[in-house]
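Okay, so here's the structure we're looking at.
Numbers restart at 1 for each chain; the letters A, B, ... are given by sequence-line order, proteins then strands. These numbers come from the heavy atoms of this one structure, side chains and all, not from hydrogens, waters or symmetry mates. As the structure is a computational prediction, the values presented were derived from the model and not from experiment.
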Amino acid sequence: MDYKKPKDVDEALKLLKEANGKGRVIAGGTDLILQLRKGEYKAEILVDITGIDELKKIEEEDDWIRIGAGVTHADVAENSLIQNEAKALSEGCHHVGSPQIRNMATLVGNIISAQPAGDGAIPLIALEAELRVFSEEGARWIYIEEAYRGVGLSAIDPTKEIVTEVRFRKLGDYGHSGFFRMARRKALALPIINGAVVIQLDGSRKGIKKARISLGPVAERPFRPRKAETYLELEGLTPEAIKEACRIASEEANPRESLRGSTLYRKEMVNVQLMRTFDRILGAV
Amino acid sequence: MKRFVRLNINGREYIVSVSPDRLLLDLLREDLGLTGTKRGCGEGECGSCTVIMNGRTVLSCLVPAIKADGTEILTVEGLAEGERLHPLQQAFWEKGAVQCGFCTPGMLLSAKVLLDKNQTPKIEEIKEAISGNLCRCTGYIKIFEAIKLASERINKRKDK
């Protein structure tokens with residue numbers, strides 16, 4: 001197996017093209033190295049994008065916050081812009097794996113590995129993030145939800161495509177967000193359930209202009225309980241409406257029976273955890 | 001197809017010939033005889049393979065050796081200065097925070113990065129700093145106490 005560490009995206013794409021489908025992008029490698037070793041995946045050349053400086057930035061540009069594909073979960077969790085503008089993402093990245101894994105693994109990688117409960121990806125779903133995808137044909141933006149085809153199946157083809165960044169709109173002064181996670185241990189444990197809440201209040205702070213909720217692992221991909229979201233936007237910011245919205249969300253969620261929790265238990269915990277998260281993020285309002 | 005990697009390990013320069021699928025963990029243990037770093041699970045789930053790379057803890061069982069080219073690495077062997085133990089090593093010893101010793105190298109390095117940036121850690125911060133290192137023997141309490149003790153000593157040394 002060969003390994004190359006290009007200095008820019010063009011060179012990386014060229015290397016992938018030359019490999020003719022047998023090459024593969026690597027960033028932190030915390031998922032990929034295991035997959036290669038177990039034979040779940042084969043590659044003849046690894047193209048390491050962590051040497052590309054322009055992919056290591058977290059920046060704001062007008063209304064957008066942009067995070068490069070080389071940015072690690074630790075970078076995101078420590079970043080004050082993200083802490084202020086997108087608390088849910090800061091919290092999510094803070095809970096990935098372990099300190100060592102957070103130092104190695106990238107936020108974009110968490111999306112590419114396409115797990116239904118990726119702690120970095122779940123807040124990005126609620127933030128309605130977009131990905132910049134480069135290929136031989138050029139560059140395009142896709143909504144983050146389009147990146148998922150199924151459990152562990154990304155719509156991005158890492159043998160010929162490179163995601164260079166993820167971006168989302170700033171929430172503004174009336175925006176609030178939070179992330180929750182339930183697991184048997186505080187680190188190195190897959191979640192029983194996790195999720196994020198992103199809301200934008202209207203000017204009066206009594207109505208909800210926009211409500212977005214993401215949940216995992218309650219479906220084959222990160223899940224948005226859209227009926228709950230719509231209900232909240234219509235009913236506004238009352239304790240009764242929030243309670244009902246959380247109930248609706250738990251109805252919509254459809255987790256399978258699993259080692260980490262039964263369907264019944266996880267559905268109920270969706271309700272409980274969403275209530276607590278709303279409580280926490282709206283406490284100040 | 002073997003390649004040369006250049007590494008600075010514990011202050012020394014090394015140039016090693018590696019094949020692309022060689023892991024950093026194996027390079028350290030097998031090629032360089034630095035067996036302080038341990039293979040526990042080999043899957044990035046236990047932390048016993050922890051080393052510090054360019055100032056951050058990483059799991060050497062998940063790092064291809066070739067990906068470590070040009071980096072600065074600190075292993076547990078680099079903590080002591082000759083005969084003089086690092087305050088963390090001294091405190092682990094005094095507090096009985098070492099039983100079988102297998103998790104210890106990883107624990108020491110995770111604790112070191114904490115104390116390098118925070119010499120007055122609260123208990124919650126200590127717990128989080130070592131949350132990526134599993135111990136099957138001690139129940140962690142002595143490890144927390146050792147890190148706390150080391151932090152107090154480092155702090156006192158700083159004030160001098």
Examine distances only and state if a side-chain atom of B:R3 and a backbone atom of A:Y3 form a donor-acceptor pair shorter than 3.5 Å. yes

Is it the case that more than 12 heavy atoms not belonging to B:E81 sit under 6.0 Å from its CD atom? no

Extract all donor-acceptor atom pairs below 3.5 Å that involve side chains of residues 80-90 of chain A and protein atoms in other chains or at least two apart in sequence.
{"residue": "A:Q83", "atom": "NE2", "partner": "A:A77", "partner atom": "O", "Å": "3.0"}
{"residue": "A:N84", "atom": "ND2", "partner": "A:S80", "partner atom": "O", "Å": "3.1"}

Let me know if B:S19 has heavy atoms under 4.5 Å from chain A in its side chain, its backbone, both or neither. neither

Heavy atom to heavy atom, less than 4.5 Å: which residues from residues 97-109 of chain A reach chain B? A:S98, A:P99, A:Q100, A:I101, A:R102, A:N103, A:M104

Inspect the contact between A:R185 and B:E45 and indicate whether a charged nitrogen and a carboxylate oxygen are less than 4.0 angstrom apart. no

Check each atom of B:K67 against the heavy atoms of chain A and say whether the ones under 4.5 Å are side chain, backbone, both or neither. both

Counting only non-hydrogen atoms closer than 4.5 Å, does B:I130 touch chain A with its backbone (N, CA, C, O), its side chain (CB onward), both, or neither? neither

Measuring only between side-chain heavy atoms, which start at C-beta, is B:S131 closer than 4.5 Å to A:L188? no

So for atom CD, which belongs to B:Q90, do other residues, nucleotides or ligands contribute more than 12 heavy atoms lying within a distance under 6.0 Å? yes

Pair B:D21 + A:R37: basic N to acidic O under 4.0 Å: no

Measuring heavy-atom distances to chain B, does A:D2 have an atom under 4.5 Å in its side chain, in its backbone, in both, or in neither? both

Considering residues, nucleotides and ligands other than A:K160, do more than 12 of their heavy atoms fall under 6.0 Å from its NZ? no

Please identify each residue that fulfils salt bridge (charged side-chain N to carboxylate O under 4.0 Å, His left out) with B:K142, with sequence neighbours left out. none

What do you reckon, is OH of A:Y265 surrounded by more than 12 foreign heavy atoms closer than 6.0 Å? no

Using the side-chain contact (heavy atoms from CB on, under 4.5 Å) rule, take A:I33 and B:L23 through it: C-alpha gap first, then chi angles, then the decisive distance, then the call. CA-CA 10 Å; A:I33 294 300; B:L23 295 168; 4.2 Å; yes

What donor-acceptor contacts under 3.5 angstrom involve side-chain atoms of residues 114-123 of chain A, with partners at least two apart or in another chain?
{"residue": "A:Q115", "atom": "NE2", "partner": "A:S113", "partner atom": "O", "Å": "3.3"}
{"residue": "A:D119", "atom": "OD1", "partner": "A:R181", "partner atom": "NE", "Å": "2.9"}
{"residue": "A:D119", "atom": "OD1", "partner": "A:N194", "partner atom": "ND2", "Å": "2.9"}
{"residue": "A:D119", "atom": "OD2", "partner": "A:R181", "partner atom": "NE", "Å": "3.3"}
{"residue": "A:D119", "atom": "OD2", "partner": "A:R181", "partner atom": "NH2", "Å": "3.0"}

Can you tell me how far the CE atom of B:M1 sits from the CE atom of A:M1, to the nearest 0.5 Å? 11.5 Å

More than 12 heavy atoms of other residues, nucleotides or ligands under 6.0 Å from NZ of A:K56: is that the case? yes

